[in-house]
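Working notes, beginning with the structure itself.
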Amino acid sequence: MTDPNTPDATPPANQGGAQPTPPAQPAQPAYGEYAPTTQPPAAPAYGQNAAPAYSAPAYNAAPAYNGAADGGTVPGKTLGIVAFVVSFFFGLLGLILGIVALVQSKKAGRGNGFAIAAIIIGAISVVVGLIVTFAVIVPSLNAATTCLNDPTAVVQVWGVDLSCQEVLEQSNR
């Protein structure tokens, strides 16, 4: 054993069950001196696999945006608007342009409300035009044909009896 009164004596070797002493801590720097620094770990060289700086987020990714492609242009949209305006004045032309605009939009995977409206308005205009043609022009042509074949006949136009002489004078014949 050691005697506390004799510090020069060397301690005996570790005797069964005693704990080893931990390594000594580096000495604290004196006032005004800098502490010794250690080098930070080196970054991996280019091309070597390194651990990612962060982990994947804990939430799902946002859904993909299905907005307009190519800077916002939608094929057939301008033609659909033109067809819509034209269909009020020229039904058949508006109908044809509306169909072309709708086909262009469908190929791009888009809808085109103006093209659909132009098709509807154009179709209604064509139907109304056909009804007017058969209701107004055909009876007038029948009366004119009858008068050309028999100038002395009397024809009924819009519920009014007219002699063929009056019909021929009005048509400058």
Side-chain angles (χ1 to χ4, degrees), residues 34-173:
Y34 292 107
T37 59
T38 60
Q39 293 292 335
Y46 181 75
Q48 292 181 352
N49 289 337
Y54 57 89
S55 63
Y59 52 85
N60 293 334
Y65 175 65
N66 293 328
D70 300 333
T73 59
V74 177
K77 187 166 188 163
T78 303
L79 186 60
I81 295 170
V82 170
F84 178 73
V85 172
V86 168
S87 67
F88 286 106
F89 304 105
F90 307 103
L92 184 60
L93 183 61
L95 176 66
I96 293 168
L97 292 177
I99 291 171
V100 171
L102 186 62
V103 167
Q104 287 179 355
S105 296
K106 289 295 180 183
K107 282 183 181 178
R110 302 299 183 111
N112 193 340
F114 279 111
I116 293 171
I119 291 170
I120 293 170
I121 293 169
I124 291 172
S125 297
V126 168
V127 169
V128 168
L130 289 174
I131 291 172
V132 168
T133 299
F134 286 111
V136 174
I137 296 174
V138 171
S140 299
L141 289 177
N142 285 337
T145 304
T146 303
C147 288
L148 286 176
N149 292 337
D150 184 14
T152 60
V154 175
V155 293
Q156 188 175 22
V157 179
W158 296 77
V160 178
D161 290 332
L162 296 172
S163 68
C164 284
Q165 285 294 338
E166 294 174 19
V167 173
L168 292 174
E169 287 173 4
Q170 289 177 2
S171 64
N172 295 327
R173 294 220 168 188

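The distance from atom CG of Leu102 to atom CG of Leu97, rounded to the nearest 0.5 Å, is 12.5 Å. Taking CD1 of Ile120 as the reference point, atom CG of Leu95 lies at 11.0 Å (rounded to 0.5 Å).
The two residues Asn112 and Ala101 come nearest to each other via the heavy atoms ND2-O, 4.0 Å.
Asp161 is linked by a side-chain contact (heavy atoms from CB on, under 4.5 Å) to Val154, Gln156, counting only residues two or more places apart in sequence or in another chain.
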Considering only distance and modelled atom types, tabulate donor-acceptor pairs under 3.5 Å from the side chains of residues 121-137, sequence neighbours left out.
from   : atom 1 : to     : atom 2 : distance (Å)
Ser125 : OG     : Ile121 : O      : 2.9
Thr133 : OG1    : Gly129 : O      : 2.7

Under 3.5 Å, sequence neighbours excluded: what are the donor-acceptor pairs made by side chains of residues 74-87?
from  : atom 1 : to    : atom 2 : distance (Å)
Ser87 : OG     : Ala83 : O      : 3.4
Ser87 : OG     : Phe84 : O      : 2.7

